[in-house]
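Letters A, B, ... mirror the listed sequences (proteins, then strands); counts begin at 1.
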Amino acid sequence: MSLATTYNPLDVEAKWYQRWQEMGFFKASPNPEKQPYTIVIPPPNVTGVLHMGHMLNNTIQDVLVRRARMQGREACWVPGTDHASIATETKVVALLKEQGIEKKDLTREQFLAHAFAWKEKYGGIILEQLKQLGASCDWDRTRFTMEPDLTDAVLRAFVSLHDKGLIYRGVRMVNWDPQGGTALSDEEVIAKNVTGRMFHLRYAFASNFTQNEVPVDSATGQPLAVNGNAWLTVATSRPETIMADVAVAVNPNDPRYQHLIGQKVRIPLIGREIPVIADERVAVDFGTGTLKVTPAHDLVDYEIGQANNLPVIDVLNNDGTLNEHAGPRYAGMDRFAVRRLIVKDLEEAGWLEKTEEYATISQTSERTGAVIEPKLSLQWFLKTEQLAKPALEVVENGTVQLHPAKFKNLYRVWMENPRDWCISRQLWWGQQIPAYYLPDGSFVVARTAAEALVQARAQSGNDALQASDLRQDEDVLDTWFSSWLWPISVFDGFKDPENSDIKYFYPTNDLVTGPDILFFWIARMIMAGLEFRGEVPFKNVYLTGIVRDAQGRKMSKQLGNSPDPLELIAQYGADGVRTGMLFSAPAGNDLLFDLKLVEQGRNFSNKIWNAFRLVKGWEADAALPYSNELAVNWFEARLAVAATEMNEHFDKFRISDALLTVYKLVWDDFCALYLEMVKPAYQQPIDAETLRQTVGFFETLLQLLHPFMPFITEELWHELAPRTGRDFVCVAAWPQLVPAPDAAARQTRMEWALGVVAGVRTIRNQKQLAPTKALELLVKTTQPDLLQAYGPLLRKLANLTAISVAETAPAAAVSFVHAGAEYFVPLEGQIDTAAERARLEKELDYTRGFQESVGRKLANEKFTANAKPDVLERERQKLADAEAKIAALEAALRAL
RNA sequence: GGGAUGUUAGCUCAGUUGGUUCAGAGCACCACCCUGACACGGUGGGGGUCACUGGUUCGAGCCCAGUACGUCUCACCA
């Protein structure tokens with residue numbers, strides 16, 4: 001045979017991907033004749049390269065899209081990339097630095113020119129990589145969140161929300177990333193459990209001491225108290241912020257401190273007087289029960305400060321160093337260096353009572369990893385409450401379904417208590433906020449500078465205002481402020497709300513992404529969809545797990561435990577990798593990536609390839625009668641049942657179950673059983689009808705397999721028969737198979753026959769007989785017709801010379817009991833009577849025990865009174881079967 | 001600290017409204033087999049008191065309560 005014994009994916013994959021594109025199979029356009037099926041890709045970072053998470057995610061999307069396409073729907077998978085403002089800006093800044101260029105030396109325009117040049121050159125590599133995976137995206141629709149049309153969508157959305165009063169500008173406590181030099185949303189901050197140090201500082205009472213020093217008993221050297229109170233001990237984890245203190249707060253209900261409220265204390269080292277105030281927000285049981293209030297650097301402190309009309313002193317610069325308010329000794333130093341220094345200073349001056357370790361959480365930037373500073377800052381915010389309400393409702397009422405449904409709870413928790421979204425970022429790479437400031441400091445919001453000027457003139461009453469008098473806000477918008485519009489903006493739904501694409505493809509059908517961006521992205525897309533289109537953006541959200549290594553560790557560059565996806569594809573083929581990933585990827589569960597599974601996927605490709613080689617080698621002989629009706633009828637039924645099962649799995653988004661169903665159908669039923677049943681002897685021809693049926697089955701299997709394994713199925717589709725025009729499995733009709741009314745009966749009969757085969761094979765194995773050694777079978781049965789009908793099939797599968805009905809048990813034979821009949825394989829000289837007896841007795845014992853337990857159940861009046869009729873019937877059948885088996889076993893024992 | 005969720009074979013997981021013949025799959029494992037499609041293979045086999053304790057029921061892997069351990073997630077305790 002000329003075909004290689006092992007399948008080589010490299011030979012075929014690139015070829016077919018190119019052919020599909022040439023044929024335009026992935027292109028989608030509104031077609032009223034067809035039902036649309038739409039997926040928008042979760043746009044990967046434009047700077048990104050393909051990792052295992054993308055592989056899983058995009059494999060699932062491709063499976064869904066390919067199946068929908070075969071189902072005759074207008075399948076549209078929109079690809080694209082995200083400008084990822086912080087990530088990309090960080091990368092570009094670093095690259096420029098390597099070239100000796102500092103960002104601070106560049107103008108905004110120069111920097112953006114560099115960034116765009118870089119994006120043009122290296123951006124979007126990831127999309128090319130997706131093609132190797134087989135992703136059937138409509139590449140003509142590729143979008144980028146910072147391209148002009150999508151930027152326009154962002155600006156329109158901003159203006160609209162601002163005009164509705166949902167976007168506002170104000171000073172609020174925000175999460176400040178000193179390394180990135182920008183504000184972050186709450187979602188971009190990660191809380192980490194760490195061991196922190198708590199410093200207990202002494203704040204001396206101003207009334208007791210006129211000088212800023214600790215009075216000490218000259219004899220003992222111990223600090224001296226006056227009137228029982230020399231100082232208040234205040235615990236803090238951030239001693240570097242004492243210069244920003246404006247009060248010490250205690251709980252008004254705390255008996256320890258009630259009498260001290262209204263007193264004044266001095267900040268250690270610097271001696272500034274601050275009041276002791278009362279506030280319910282102070283926890284009595286934490287630390288010392290006293291709280292130093294630094295409104296500029298803590299949210300609670302800020303609230304306390306507001307409530308008590310306290311001033312705000314900000315001692316931090318945007319880059320994390322301390323400013324002039326910290327005093328000359330500390331100004332200009334990094335916050336952590338100051339912490340070390342000031343602790344030493346406090347200790348030397350006697351203001352540090354003690355230091356203790358405690359478990360706390362550290363808020364860090366998702367992107368830079370820097371410790372976040374709560375910082376009062378002038379930023380832009382989006383009010384989310386009004387948007388969140390309907391977005392929660394559509395998930396609650398099932399208009400949008402999350403798979404698995406357990407994520408509904410998580411979604412609810414967040415959406416019931418939404419906080420305003422800080423949308424401004426102090427970066428350059430992104431959409432610049434369309435707010436324009438007038439010379440008097442007021443501002444207008446407009447999509448273009450020209451519109452802004454018109455508004456500004458109206459607002460100020462000054463018609464002489466010129467464009468050059470207006471200054472646009474320097475900040476850009478959060479990346480997610482563009483991605484949340486993605487399902488709408490990719491179809492130009494902002495620029496042209498009534499265009500045919502958006503009307504046809506929106507709302508999209510399924511979204512496939514990770515639960516880590518449930519709030520970042522999914523929730524916000526739902527809000528945007530409802531706000532701007534009045535319709536949800538998608539109906540189903542399939543949440544994938546995280547790809548971990550076999551030990552359950554997250555894949556990371558540092559650990560080096562992530563395989564290179566492209567190398568995997570080169571080694572195992574895209575089909576093998578796709579199936580390997582899907583084998584263990586139930587929705588919402590983390591996937592423990594194991595190379596073994598990819599091997600299994602590759603082996604599956606090889607199995608299919610070899611089944612093809614077998615069938616391809618058959619020669620039909622028109623003179624031969626059709627001799628495989630039983631096998632064909634059985635497999636036809638089996639195929640319909642399995643296809644139905646697959647569809648059910650798909651409907652429930654149980655993709656790996658759907659794959660496993662077709663895997664077993666192909667490997668176990670088609671290859672191991674069906675092909676073995678119909679396979680002619682070596683170099684013998686096959687009858688034409690069997691060949692025709694078999695090729696038909698093969699084609700159906702290729703169709704069912706295609707969404708999972710697009711390449712090998714396309715290759716074999718074309719090998720199996722001459723194809724012309726658009727006859728590709730890629731666009732073949734998804735099989736509509738309905739199990740025949742007698743499908744169950746066909747399967748039951750075949751299972752009976754396979755039970756006989758298994759009985760003979762077991763004897764063969766027990767007696768260590770070579771599979772090539774043909775055996776004889778004698779049967780004591782009440783159904784000789786059935787035996788007669790399946791005779792040829794049994795002879796072939798069990799390698800039997802003859803099957804005959806026996807009235808009595810033959811001497812020197814090994815026996816087994818199956819479905820109430822006794823089977824004997826004569827094995828002269830190889831019979832161990834004692835062992836045979838033991839084996840039969842063991843089985844008899846078990847069956848009697850079983851019979852007894854079923855009998856007890858049926859004798860129980862409560863059971864017979866309460867059980868449903870079908871359950872009762874089944875139990876009676878079980879009893880009857882057991883009794884028949886016992887009779888047969890007893891007979892076999894007697895015969896020994 | 002709150003909430004959610006999980007604990008079923010060596011590993012990764014199914015197990016639908018409680019009811020078929022000792023609880024299933026894949027991988028791994030053991031034995032035999034290079035049988036003229038495939039050793040990336042074939043045939044057969046071993047392996048689980050369904051985390052623990054108690055309850056409801058004629059009947060519980062499935063329902064209820066508690067315990068232990070794990071995971072995820074939220075959270076302004078300085």
Indicate the ring-plane relationship of Phe583(A) and Tyr663(A), choosing parallel, tilted or perpendicular according to the 30° and 60° boundaries. perpendicular
Please give the distance between the C1' atoms of rC33(B) and rC38(B) as a whole number of Å. 15 Å
Looking at Lys607(A), I'd like to know whether one of its side-chain N or O atoms comes within less than 4.0 Å of OP1 or OP2 on rG42(B). yes
Take atom P in rA28(B) and the same atom in rU12(B), then report the distance between them in whole Å. 15 Å
For nucleotides rG6(B) and rG44(B), find the distance between their C1' atoms and express it as a whole number of Å. 36 Å
Does rG1(B) pair with anything, Watson-Crick or G-U wobble, both distances under 3.5 Å, and if so, with which nucleotide? rC74(B)
Taking the minimum atom-to-atom distance to the side chain of Arg874(A), which one of rC33(B), rG19(B), rA78(B) wins? rG19(B)
Base partner of rC22(B), which must satisfy Watson-Crick or wobble distances under 3.5 Å: none
C1'-based separation of rC74(B) from rU53(B) [nearest Å]: 31 Å
Of the listed nucleotides (rC58(B), rC76(B), rA14(B)), which one gets closest to any side-chain atom of Arg419(A)? rC76(B)
Using a cut-off of 4.0 Å on non-hydrogen atoms, how would the nucleic acid contact of Thr360(A) be classed: base, sugar-phosphate, or nothing? sugar-phosphate
Could you walk me through whether Thr288(A) and Thr290(A) pass side chain to side chain donor-acceptor pair (under 3.5 Å), step by step? CA-CA 5 Å; Thr288(A) 57; Thr290(A) 59; 2.6 Å; yes
Any strand: nucleotide that pairs with rU67(B) via Watson-Crick or wobble, under 3.5 Å: rA51(B)
Hey, is the side chain of Thr5(A) poking within less than 4.0 Å of OP1 or OP2 on rA37(B), counting only N and O atoms? no
Supply the atom-to-atom distance Thr355(A) OG1 to Met198(A) CE, rounded to the nearest 0.5 angstrom. 11.0 Å
Interatomic distance, Leu872(A) CG vs rG59(B) P [rounded to whole Å]: 16 Å
Would one find a side-chain N or O of Tyr663(A) under 4.0 angstrom from OP1 or OP2 of rC27(B)? yes
Rounded to whole Å, how long is the line connecting atom CZ of Arg412(A) with atom P of rC74(B)? 16 Å
Whole Å only: how far is the CG atom of Asn610(A) from the P atom of rG42(B)? 10 Å
Can you tell which of rU73(B), rA78(B), rC58(B) lies closest to the side chain of Tyr358(A)? rA78(B)
Does Trp667(A) put a side-chain nitrogen or oxygen below 4.0 Å from OP1 or OP2 of rG42(B)? yes
If pairing means Watson-Crick or G-U wobble with both distances under 3.5 Å, then the partner of rC62(B) is none
Of the candidate nucleotides rG45(B), rC38(B), rG19(B), which contains the atom at the shortest distance from the side chain of Lys868(A)? rG19(B)
Do any side-chain nitrogens or oxygens of Arg654(A) fall under 4.0 Å of OP1 or OP2 in rG15(B)? yes
Options rC77(B), rC22(B), rG19(B), nucleotide nearest the side-chain atoms of Val871(A): rG19(B)
Please report the distance separating the P of rC13(B) from the corresponding atom of rA4(B), rounded so that it comes out in whole Å. 23 Å
Whole angstroms only, please: what is the CZ-P distance between Phe583(A) and rA28(B)? 12 Å
Phe863(A) CZ to rG18(B) P: how many Å, rounded? 15 Å
rG59(B) OP1/OP2 closer than 4.0 Å to side-chain N/O of Arg856(A): no
For rA28(B), does OP1 or OP2 lie under 4.0 Å from any side-chain N or O of Lys596(A)? no
Can you figure out which of rG26(B), rC72(B), rA37(B) approaches the side chain of Lys664(A) most closely? rG26(B)
How close do Val312(A) and Pro295(A) get, heavy atom to heavy atom, and via which atoms? CG2-CB, 4.0 Å
Trace of the side-chain contact (heavy atoms from CB on, under 4.5 Å) decision for Phe612(A) with Glu715(A): CA-CA 11 Å; Phe612(A) 162 73; Glu715(A) 172 75 6; over 6 Å; no
At 4.0 Å (heavy atoms only), tell me whether Gln768(A) reaches a base, stays on the sugar-phosphate, or touches nothing. sugar-phosphate
For a quick check of understanding: with a heavy-atom distance under 4.0 Å over all strands, which category does Arg602(A) fall into, base, sugar-phosphate or nothing? base
Expressed as a whole number of Å, how far does the P atom of rG18(B) sit from that of rG54(B)? 24 Å
Have a look at Val282(A) and say if it touches a base, only the backbone sugar-phosphate, or nothing, with a 4.0 Å heavy-atom cut-off. base
Verdict with supporting geometry, Tyr7(A) and Asn610(A), side chain to side chain donor-acceptor pair (under 3.5 Å): CA-CA 8 Å; Tyr7(A) 171 64; Asn610(A) 276 289; over 6 Å; no
Among the nucleotides rC38(B), rC77(B), rU43(B), whichever has the atom closest to the side chain of Asn765(A) is rU43(B)
Sugar-phosphate only, base, or nothing, as touched by Ala672(A) at under 4.0 Å among non-hydrogen atoms: sugar-phosphate
Within the structure shown, what part of the strands sits under 4.0 Å from Thr6(A) by heavy-atom distance: base, sugar-phosphate, or nothing? base
For Leu291(A), which contact category applies under a 4.0 Å heavy-atom criterion: base, sugar-phosphate, or nothing? base
Report which part of the nucleic acid Ala770(A) touches: base, sugar-phosphate, or nothing (heavy-atom distance under 4.0 Å, all strands). nothing
Establish whether the base of rA37(B) is bridged to the side chain of Glu676(A) by a donor-acceptor pair shorter than 3.5 Å. yes
For the side chain of Leu675(A), counting heavy atoms from C-beta on, which of rU5(B), rA37(B), rC27(B) is nearest? rA37(B)
Do the ring planes of Trp414(A) and Phe519(A) sit parallel (below 30°), tilted (30 to 60°) or perpendicular (above 60°)? parallel
Whole angstrom value for the distance that separates P of rG42(B) from NZ of Lys773(A): 25 Å
Just to verify, which of His297(A), Glu373(A), Glu240(A) counts as forming a side-chain hydrogen bond (donor to acceptor under 3.5 Å, both in side chains) with Arg335(A)? Glu373(A)
Closest to the Ala283(A) side chain: rA78(B), rU16(B), rC40(B)? rA78(B)
Please state the C1' separation for the pair rA25(B) and rU17(B) - nearest whole angstrom. 23 Å
For rC32(B), which nucleotide is its Watson-Crick or G-U wobble mate, given both distances must be under 3.5 Å? rG42(B)
Across every strand shown, the nucleotide meeting Watson-Crick or G-U wobble geometry with rA14(B) (both distances under 3.5 Å) is none
For the residue pair Tyr674(A) and Phe670(A), is the inter-centroid distance of their aromatic rings smaller than 6.0 Å? yes
So, for Val854(A) and Glu875(A), which heavy atoms are closest and what is the spacing to 0.1 Å? CG1-O, 3.4 Å
Closest to the side chain of Arg613(A), out of rA37(B), rU35(B), rC77(B), is rA37(B)
What contact category does Asn866(A) fall into here, base, sugar-phosphate, or nothing, at under 4.0 angstrom with non-hydrogen atoms? base
Span that lies between the P atom of rG2(B) and that of rG10(B), in whole angstrom: 35 Å
Using OP1 and OP2 only, check whether a side-chain N or O of Asn603(A) sits under 4.0 Å from rG41(B). yes
